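Heads up: the structure comes next, in structure tokens.
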Amino acid sequence: MMNQYVIKGGNPLVGEVDISGAKNAALPILAAAIMPDETVVIENLPDVTDIQAILMAIESVGAQVTRLDRHTVKINGSHISDYRIDGDYIRKIRASYYLLGALLGKIHKAEVVYPGGCNIGLRPIDQHIKGFQGLGAEVELPHGRVYAYADKLTGGHIYMDVVSVGATMNVILASVMAEGTTIIENAAKEPHIVDLANFLNSCGASIRGAGTDVIRIKGVQRLHGTEYTIIPDQIEAGTYMFGAAVTKGDVVVKNVIPKHLESISAKLIEMGCEVEEGDDWVRVVASKPLKRTNVKTLPYPGFPTDMQPQMTTLLALSQGTSIVTETIFETRFKYVAELRRMGANITIEGNAAFITGVEGFTGADVSAPDLRAGAALVMAGLSAEGFTYVDQIHYIERGYERFEKKIRGLGGRIEKIDSDDDREIRKFQMKVS
Ligand code: UD1
């Protein structure tokens, strides 16, 4: 069964939406959760397919995983019995590489299928490997897999050649129980790096400087149990904030950390939206015509690459010509061909999109090329005239919890329907026409 989203555009998104826990924080934290020999409880997990995949992976090496409810899980890693991770489910997710750091750090041995993930360009792992080697590990690449092992891990001084979220977290994982002190320079500063460090520190690790570009990790002999709550998802929140702007709506994103959303809020204000902030909520109102701007994706605190497709979609409906430059991933503009089918006027030159605003989109058949671009196409459909059909939505379900339900809660007209079920599709069309 292949599901698609069927969307009838034209209703502004209005109301409040609860933001789930951050997928990109939860993934490394779940890998890290196998490192203590005592039980850890993790709360505020997003209920999305990437999380299910990593839970299956840690179970497959012997961790005991108990679901307490949809967003809470209990994990005990005292009986890790295998160091190899394989399987179709894990090939699809990028975050499988965190199991390398976690297993290497705990049992000094890890073999994981080469990380997959969204197809947004070449995604090397040379900095991860360099980091492991800097702690004294050997790394081999046997046929589509990564094998890392060490007799003993010792703290090292690791300089990252590129700012990498994944490599920074992996070196943290591999070094928390190494002998001596590790220093990571040119570390990534994303909120989820701070979250991983906070989680490990709550298990007794000694990590200082997370959130700055120098992180110091003093190895400890063992980690103990904890209870930990994942931070809110910055990108999910940003997607709904842009959804408000794209549909000329009025949305309050709730349970967020407004500081993590600053680069997103700043751009929306620059374009003419009203943005109001509370302790744990942000409201976006788009009542005026939107203005052009330029954006360049950068590591945190810069504008996130995971918000780039949403940004391009919004600029395609704003007055004047804008430029979006993608500096993190090579081929992250594949969705532009889909947006063009909806009437967008965008040309790509190298790593830049030149966008000339149009009055509005028209509904079309489009395909989600990856997770974030898929979400952007749904937002485009919500603003378009007529019906939009988005397929390949399994990408979207990797990272957005109950996407269509949350959108309906804001007044958007959207239904998840089996692509072959013409009757259900017609029923929805009748209902919303
Ligand atoms: C993570 C996120 C992804 C987000 C990205 C940037 C997860 C599961 N994924 O991906 O959603 O878009 O951060 O915020 O959390 N690089 C190297 N060598 C390496 C590692 C990375 O050259 O060893 C390069 C990459 O090609 C890219 C840049 O560094 O150009 C940043 O990549 P990185 O921060 O590592 O992204 P991911 O961890 O893959």
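Read the numbers this way: they start at 1 and go in the same order the structure lists the ligands and their atoms. In this text the structure is predicted, and so the values were computed from the model without any measurement.
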Under 6.0 Å between ring centres, would you say that holds for His108 and Tyr149?
-> no
Side chain, backbone, both or neither: which part of [X] has a heavy atom under 4.0 Å from ligand 1?
| X | value |
| --- | --- |
| Ile328 | both |
| Val162 | side chain |
| Glu330 | neither |
| Tyr300 | neither |

Salt bridge Lys406-Glu236, side-chain N to carboxylate O under 4.0 Å | yes
Is Lys106 paired with Asp37 through a side-chain N to carboxylate O contact shorter than 4.0 Å?
->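 Yes, charged N to carboxylate O under 4.0 Å.
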Ligand 1 atoms in contact with [X] (distance to a heavy atom under 4.0 Å):
| X | answer |
| --- | --- |
| Val163 | 31 (C) |
| Arg332 | 12 (O) |
| Val165 | 13 (O), 14 (O), 33 (P), 34 (O), 35 (O) |
| Arg94 | 39 (O) |
| Gly166 | 35 (O), 38 (O) |
| Asn24 | 2 (C), 3 (C), 7 (C), 8 (C), 9 (N), 11 (O), 15 (O) |

Closest to atom 26 (O) of ligand 1 (judged by heavy-atom distance), picking from Gly131, Gly399, Ser164, Pro124 =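 Ranked by closest heavy atom to atom 26 (O) of ligand 1, first place is Pro124.
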Between the candidates Asp126, Ile125, Thr305, which shows the shortest non-hydrogen contact distance to atom 18 (N) of ligand 1?
->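 Minimum heavy-atom distance to atom 18 (N) of ligand 1 goes to Asp126.
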Under the criterion side-chain contact (heavy atoms from CB on, under 4.5 Å), which of Thr305, Asp213, Val163 is the partner of Pro299?
-> Val163
Among Glu262, His192, His260, find the residue that satisfies the side-chain contact (heavy atoms from CB on, under 4.5 Å) test when tested with Tyr300.
->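 Exactly one option meets the side-chain contact (heavy atoms from CB on, under 4.5 Å) with Tyr300, and it is His260.
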Mind checking whether Val113 and Ile90 have side chains closer than 4.5 Å, heavy atoms only?
-> yes
Leu314 side chain near Met271 side chain, heavy-atom distance below 4.5 Å |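 They are in contact (side-chain heavy atoms under 4.5 Å apart), so the answer is yes.
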What class does the angle between the rings of Tyr147 and Tyr83 fall in, given that below 30° is parallel, 30 to 60° is tilted and above 60° is perpendicular?
->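 Correct class here is tilted.
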Anything under 30° is parallel, anything over 60° is perpendicular, the rest tilted; go ahead and classify His128 against Tyr97.
-> tilted
Do ligand 1 and His192 have nitrogen or oxygen atoms that lie under 3.5 Å from each other?
-> no
Ligand 1 to Lys23 polar contact by distance, N or O atoms, under 3.5 Å |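 No, since none of the N or O atoms of Lys23 sits under 3.5 Å from an N or O of ligand 1.
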